[in-house]
Colleague: 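Quick one: the structure is below, questions incoming.
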2 protein chains.
Amino acid sequence: MANVFKGKLPCGYPASVSSKTPISSSNEGEAAHSLRHVAQLAGVSVATASRVMSGSSHPVSTKTRERVLSAADRLSFEPNRLARALVTAKSQTVGVIVHDISDPYFGEIVKGLEDGLHSEDYRLFVASSDRDPVKELDYVRAFHAHQVDAIVFAASSLTDPSYAEALETLSARFRVRGGVIVVLSDHLLEGPRVRFDNRRAVADMVGYLVGRGHRRVGYISGPPELLVSGVRLAGFTTAVAEFGLATGPEYIANGGFTVTGGGAAMGQLLEDVDVTAVVAASDLMAIGAMRQLLASGVSVPEEISVAGLDDIPIAEYGPVPLTTMRVPTYEIGRHGASILLEALAGETPDDVVLSSQIIERESVATVETPG
Amino acid sequence: MANVFKGKLPCGYPASVSSKTPISSSNEGEAAHSLRHVAQLAGVSVATASRVMSGSSHPVSTKTRERVLSAADRLSFEPNRLARALVTAKSQTVGVIVHDISDPYFGEIVKGLEDGLHSEDYRLFVASSDRDPVKELDYVRAFHAHQVDAIVFAASSLTDPSYAEALETLSARFRVRGGVIVVLSDHLLEGPRVRFDNRRAVADMVGYLVGRGHRRVGYISGPPELLVSGVRLAGFTTAVAEFGLATGPEYIANGGFTVTGGGAAMGQLLEDVDVTAVVAASDLMAIGAMRQLLASGVSVPEEISVAGLDDIPIAEYGPVPLTTMRVPTYEIGRHGASILLEALAGETPDDVVLSSQIIERESVATVETPG
DNA sequence: TTGTAAGCGTTATCAC
DNA sequence: GTGATAACGCTTACAA
């Protein structure tokens with residue numbers, strides 16, 4: 001009924017010759033193979049080949065299935081996921097945003113994510129924002145453009161106000177396109193979330209120190225541009241108030257989440273206040289503080305106790321094995337993968353709440369003569 | 001001349017009504033926008049819109065360009081990179097294979113890669129193989145399927161023979177599709193490469209020890225299933241021969257590239273031989289060795305010196321600040337990005353050769369009374 | 001300088 | 001159970 005036309009049709013096809021049939025006779029093992037090659041070799045239609053290759057539920061006879069499979073095998077055919085994604089609107093990719101992928105804290109979260117996602121055939125883009133609002137927004141846009149099925153915020157959000165607004169806009173747009181957002185950090189964004197109570201972790205650590213007789217404890221805080229820094233600091237100040245400890249701004253110094261920053265902050269505390277213990281908002285800073293103390297000739301923990309937060313691998317091997325609060329980074333990533341998968345499946349996963357745990361090592365001593 | 005047909009055309013279009021014109025009148029800010037929406041809003045064809053959005057060199061009048069740009073802006077249009085990739089055969093993505101992304105050694109390489117690639121608008125997939133041949137091959141296949149423009153092998157290849165063969169096949173296939181392979185490790189695969197001479201690094205470290213008077217030095221090796229372990233070990237054995245040091249299989253113990261493995265290996269060396277120094281094939285193992293030594297009551301470096309390899313961040317902060325050979329991981333990644341970009345541009349980049357450097361800290365002593 | 005439409009490699013909707 | 005073919009959103013000849 002159709003092919004009554006001669007010559008060129010309005011849509012540009014020559015009438016009786018399928019332009020889909022390539023001229024090349026034998027192109028085995030020479031270039032990239034598409035479904036069409038597989039179909040040809042198997043002597044079936046592209047549709048049928050697609051059905052077997054994509055694991056469609058559409059019925060295909062066993063015989064045909066085998067022919068297609070063997071053809072695909074002969075050509076070592078690998079379906080083009082981009083093409084598939086274009087029509088299914090599912091790319092099987094996830095983007096994760098961290099502050100710095102060389103930081104084991106994030107490395108472990110990403111590892112957890114990867115372990116949970118690999119078997120479900122999802123691939124992971126990683127992006128280090130370097131805490132730069134512009135860069136982070138850039139990455140979010142790029143992920144969107146690459147049609148990731150989900151974006152994971154493993155990095156705490158930044159406190160920059162214009163960033164907040166822009167991120168809200170971008171994420172709303174991403175969600176409109178069906179994108180899922182998972183949050184694994186202290187963040188302004190909503191979404192399926194793995195919660196770790198940073199506030200309480202610090203407060204508990206202070207409580208632990210109080211239990212060991214400390215009444216004058218200093219705090220080395222993270223960089224103010226990170227939301228998590230504020231949360232952890234709040235844990236400290238509320239605990240100080242609650243326990244009625246010595247207080248005042250001079251008990252707090254900014255260590256910027258680095259070893260050297262921690263050392264400098266410790267030096268400052270040494271000058272300003274007379275403490276028996278210090279809690280650092282991160283292990284890295286705690287190690288810096290210990291080094292500073294040791295270098296200044298004050299013994300740890302005999303004269304001053306030092307407590308950290310995170311329990312990174314280094315913690316155990318520092319100058320003095322560090323007593324710290326474990327943040328279950330790998331588990332955060334792993335559970336993140338689970339709720340991500342659930343959300344992608346259209347479910348509404350419950351938030352996961354992970355608890356912390358004090359790892360007692362040798363950097364905290366009991367004060368014999370309190371006060 | 002075309003629209004003389006009535007009714008359904010062979011290609012399925014109703015004759016006079018462009019099926020490309022959607023019914024919906026106002027779909028602002030509601031769903032994902034495509035180029036078509038932008039073109040419509042700007043009152044131009046999709047082709048023209050594409051030209052301005054993709055930065056094509058095809059001429060477009062300033063006026064039109066502005067109209068398109070403002071339309072895109074109004075719709076906050078973000079081009080679909082998947083669709084673009086499908087036609088251009090360039091996905092602007094790169095896949096990197098590491099052993100474990102939570103290991104800072106690889107984290108830093110990935111960071112270097114990312115820093116070099118981000119500005120060129122390439123996104124990074126990361127994959128941790130866990131040194132599992134099956135998993136690694138799986139990832140390579142997946143990267144291929146996702147049409148990455150390049151695959152970076154940051155992880156040393158495995159010594160498993162069937163893996164070698166399979167990887168050769170897969171990589172050949174990937175290259176046929178125009179894929180670029182970059183090698184940043186000791187690897188069986190060829191390709192643009194950043195070289196770091198692991199063999200020589202170890203040999204130099206032994207030379208350094210000899211210069212400090214050591215004549216009996218032990219070696220803690222990496223896991224035999226990694227190519228790099230063999231390369232580093234070769235550096236040790238040739239140096240031992242060259243300098244005429246005490247030798248024998250009992251001077252070598254396998255530490256598996258872990259802290260605990262390093263400790264166990266040290267324990268074994270302690271039983272089997274009488275050495276004045278030990279070089280470990282990685283800092284992690286060196287730290288384990290130091291801990292084992294200290295726990296056994298032997299002082300470092302007074303009784304036994306310990307030297308590492310890598311200079312990971314921990315190295316400086318261990319029980320005794322570790323003397324080690326720096327492997328410039330970040331630079332490896334950074335240079336990797338450069339040659340990757342060159343290769344992608346169709347050039348044939350020269351291999352980059354990076355040299356090592358001894359970082360003298362406190363874990364190596366001079367032997368006063370050489371053996 | 002602009003527009004038309006073919007085509008990238010899939011899946012999905014129909015018809016048979 | 002199988003096959004045509006429209007469609008996904010884009011780029012790119014080719015025409016005008």
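Remember, it's a predicted structure, so these values are computed and weren't measured experimentally. Below, chain A is the first sequence line, B the second, and so on; all start at residue 1.
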Colleague: State whether A:S45 places a side-chain N or O below 4.0 Å from either non-bridging phosphate oxygen (OP1 or OP2) of D:dG3.
Modeller: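 So the side-chain polar atoms of A:S45 do come within 4.0 Å of the phosphate oxygens OP1 or OP2 of D:dG3, strictly under.
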Colleague: Would you mind reading off the distance between A:N80 atom CG and C:dC8 atom C1', rounded to a whole angstrom?
Modeller: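 After rounding, the gap between these two atoms is 8 Å.
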Colleague: Distance criterion of 3.5 Å, no angle test: do you see the side chain of A:H58 paired donor-to-acceptor with the base of D:dT2?
Modeller: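 Flag set: donor-acceptor pair detected.
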Colleague: Could you check how far NE2 of B:H144 sits from C1' of C:dG9, rounded to whole Å?
Modeller: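 Rounded to the whole Å, the gap is 13 Å.
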Colleague: Name the closest nucleotide to the A:S54 side chain, picking from C:dT2, C:dA12, C:dT11.
Modeller: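 Ranking C:dT2, C:dA12, C:dT11 by closest atom to the A:S54 side chain puts C:dT11 first.
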Colleague: Between C:dT2, C:dA5, D:dG9, which nucleotide gets closest to the side-chain atoms of B:S61?
Modeller: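 Nearest nucleotide to the side chain: C:dT2.
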Colleague: What's the verdict on side-chain contact (heavy atoms from CB on, under 4.5 Å) for A:T64 and A:V52, showing C-alpha distance, side-chain angles and the deciding distance?
Modeller: CA-CA 9 Å; A:T64 310; A:V52 1; 5.7 Å; no
Colleague: Quick one: A:M53 CE to D:dT2 C1', roughly how many Å, whole number?
Modeller: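 These atoms are roughly 18 Å apart.
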Colleague: For DNA chain C, whose closest nucleotide is more 5', that of B:A83 or that of B:G43?
Modeller: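 In this pair, the answer is B:G43.
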Colleague: Name the nucleic acid region contacted by A:S50, choosing base, sugar-phosphate or nothing; use a 4.0 angstrom heavy-atom cut-off, strictly under.
Modeller: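 The residue A:S50 makes base contact.
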Colleague: Separation of A:R81 atom CZ from D:dC8 atom P, in whole Å?
Modeller: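 Rounding to the nearest Å, CZ of A:R81 and P of D:dC8 are 21 Å apart.
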Colleague: May I have the distance from B:L86 (atom CG) to D:dT12 (atom C1'), rounded to whole angstrom?
Modeller: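 That distance rounds to 14 Å.
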Colleague: Closest to the B:P59 side chain: D:dC10, D:dG3, C:dT1?
Modeller: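 Selected nucleotide: C:dT1.
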Colleague: If you look at every heavy atom in B:L188 and B:L158, which pair is closest and at what distance?
Modeller: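 Of all heavy-atom pairs spanning B:L188 and B:L158, the closest is CD2-O, 4.5 Å.
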Colleague: Is the shortest side-chain N to carboxylate O distance from A:D121 to A:K90 below 4.0 Å?
Modeller: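 Judged by the 4.0 Å cut-off on N to carboxylate O distance, A:D121 and A:K90 do not form a salt bridge.
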Colleague: Tell me what B:V46 touches on the nucleic acid: a base, only sugar-phosphate, or nothing, going by heavy atoms under 4.0 Å.
Modeller: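 Counting heavy atoms under 4.0 Å across all strands, the contact made by B:V46 includes a base.
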Colleague: Can you tell me the distance, in whole Å, between the NZ atom of B:K63 and the P atom of C:dT2?
Modeller: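 Nearest whole value for this atom pair: 11 Å.
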Colleague: At 4.0 Å (heavy atoms only), tell me whether B:S56 reaches a base, stays on the sugar-phosphate, or touches nothing.
Modeller: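 Nothing, no nucleic acid heavy atom in range.
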Colleague: A:L82 CG to C:dC8 C1': how many Å, rounded?
Modeller: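 A:L82 atom CG is separated from C:dC8 atom C1' by 10 Å.
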Colleague: Once you round it to whole Å, what is the distance between P of D:dG9 and CD of B:Q40?
Modeller: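 Nearest whole value for this atom pair: 13 Å.
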Colleague: When you compare the side chain of B:T93 with that of B:H146, does any pair of heavy atoms fall below 4.5 Å?
Modeller: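 Heavy-atom side-chain distance check fails, nothing below 4.5 Å.
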Colleague: From the list C:dG3, D:dT11, C:dG9, which nucleotide is the closest neighbour of the side chain of B:T48?
Modeller: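 Out of C:dG3, D:dT11, C:dG9, the nucleotide with an atom closest to B:T48's side chain is C:dG3.
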Colleague: Would A:H187 and A:I181 satisfy side-chain contact (heavy atoms from CB on, under 4.5 Å), going step by step from the backbone distance to the final call?
Modeller: CA-CA 12 Å; A:H187 211 104; A:I181 288 178; over 6 Å; no
Colleague: Centre-to-centre under 6.0 Å for A:H99 and A:F106, is that the case here?
Modeller: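 Aromatic pair counts; centres sit under 6.0 Å.
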Colleague: Which is true for A:T88 with a 4.0 Å heavy-atom rule: it touches a base, it touches only sugar-phosphate, or it touches nothing?
Modeller: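 Sugar-phosphate: the residue A:T88, judged by heavy atoms under 4.0 Å, touches backbone atoms but no base.
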Colleague: Please state whether the base of D:dG3 and the side chain of A:R51 form at least one donor-acceptor pair under 3.5 Å?
Modeller: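 Looking at the base of D:dG3, it does pair with a donor or acceptor on the side chain of A:R51 (distance under 3.5 Å).
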Colleague: Nearest to the A:V44 side chain among D:dG1, D:dG3, D:dT11, which nucleotide is it?
Modeller: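 Nucleotide nearest to A:V44's side chain: D:dG3.
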